[in-house]
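Remarks on the structure that follows.
Sequence positions, counted from 1, serve as the residue numbers for this chain.
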Amino acid sequence: MTASPTLPKSRQWLILAVLMFSQLVIWVDNTILSVTLETLTDPVNGLGASPAELQWATGAYTLVFATFMFTAGALGDSFGHRTVLATGVVIFGGASIWAAFAGDPSQLIAARAVMGIGAALIMPANFAILLWTFTGPVRVTAISISATAAGVGMAAGPVLAGILLGHFWWGSVFLVNVPVVVLALIGIAMLVPNFRSPTVRPLDPAGMLLSISGLAALAYGLIRAGQVIDWGRPDVWAPIAVGLVLLTAFVLVELRIKERSFDPRLLAQRVFGGGNAAMALVFFSVAAITFYNAFYLQGALGFSPLKAGLANIPTAVGAIVGAPLGAGLVRRWSLRAVAVPALIVVALSMGAFGLLGLQTPLIWIEILLFVQGLSVGMMMPVTGALISTLPMERAGAGSAVIHTARQTGSVIGIAVGGTIMSIAYRRAIEPALSDVPEAVQERVRVSAEQARHVAAEIHQSTLAQAADHAFIHAMHVGAVWIMLAALLGVAVLVFALGRVGKSTVSAPEPDRGRVGIRSATGAAPRSGTDNQSAYEGADLGS
């Protein structure tokens, strides 16, 4: 295997360990919050958060994550990916402490937004450092190993949340990030060179401002639609319209300037543009169904946080197994032959949530979650086809665009999925309101969680049962729409991959005569010799 010409092999693998540790906080935090949502609705043991506030706590993080990642990738290319990575880790750790001691839902939402900034700085820099550290076929192994950080975080997060919520207050779930952040910073300072493009480019402030504001406005409008259940309101359609206009302006500006952070013309390429659209639809579906599943397990089925955390482990196990399995099958057959059937299974697994109910045996839920994780994991070699279209000197900005597309899909998934569920729930619960005092009827209409609290207050057990059935109905309706979105992703992926087979676009190695590595010592690498595609491995965490 070809090693980096500038770094000893031992240091390469130590750098990989640091990178995995740095991104671990992101995946642990994502899964920890999903288990904590039900607790946060409790006015005594939580913050008494409404479903709208919980959606903002989830959406604010993902929104900021998506909108700032593009800028973060460009900053890494200009100022050094180690600098950006360390800054992101510090911000994430500080915001985690803020979130842990938030006194009300609005403070939690603000802290989660700042955590999104930290995550946005971490991800592109993390992946760019990995690409610069490893060359040739060894990069396949490095990417596959790095992917396990997401799987470990996905598996550990729910279990940790269940244990902590069973013994401590809800804020303790965020303090888990602090020791990880400290150790990651030590490793970054001691081991990671400050890789970056040798030619410092302008920061393109116009492009950054337009991309951030455009994505933020679009996502805000979509999330707002999920709260007011009315897409005709000005505070819904106006931000969406403004966001689309700003994003159009961003594309036009980037096409006209010479030193652009990212070339929008790449989006017109079938593999890169279509592949990103397909993966955005995958993450749309995953985010929406995960949001549903959190309330299904703890709300409708009454699982404790620990039991809900343990119940989600099959998803992580499936993803861990599916990532290397998919990469191996792609090398044997073709990307299209593996990714398209995997996405079909993803879609069907989403639709299968429409078969779950209040009496479904746990074993069937576990099998469904495992199949879902396995099929999503097998989708990850698509990342290789996308990354391989990018020039190495744009590693940070390019990988940021890929991550941004997926996080944007997640934001829209939460917003649209929440809207569908809210509408379906309100319609389903309405017949049960005839015997409910008018003073609390609106609270019952908000969500099944609120309806259960009201049922306890007025000592009306039949209302709680009606809320459970209304939630299940809403989840079934949402599952169908989520499945259709994933099936749309299948069609887009078939078009994007075309006749792509084993020999996908080769992953470009840096032209060492033209693009060097500016490390902490200022040393440039020797000429690289191995141009074999190194991106067939699975980027599970993306």
* **More than 12 heavy atoms from other groups under 6.0 Å of CH2 on Trp481** => no
Report yes if some heavy atom in the side chain of [X] is under 4.5 Å from a heavy atom in the side chain of [Y]; otherwise report no.
X      : Y      : answer
Gln372 : Val345 : no
Ile472 : Tyr296 : yes
Lys307 : Leu310 : no

Side-chain donor or acceptor of [X] paired with backbone N/O of [Y] under 3.5 Å:
X      : Y      : value
His473 : Asp468 : no
Tyr292 : Gly417 : yes
Thr290 : Val286 : yes
His167 : Ile163 : yes
Arg336 : Leu497 : no

* Got a second to check how far His476's NE2 is from Phe471's CZ, nearest 0.5 Å? -> 9.0 Å
* So how far is it from Ile97 CD1 to Phe174 CZ, rounded to the nearest 0.5 Å? -> 12.5 Å
* To do: Output all residues satisfying side-chain contact (heavy atoms from CB on, under 4.5 Å) with Ala342, sequence neighbours left out; order by chain, then residue number.
  => Met378, Met379
* Does the gap between the ring centers of Trp169 and Phe101 come in under 6.0 Å? -> yes
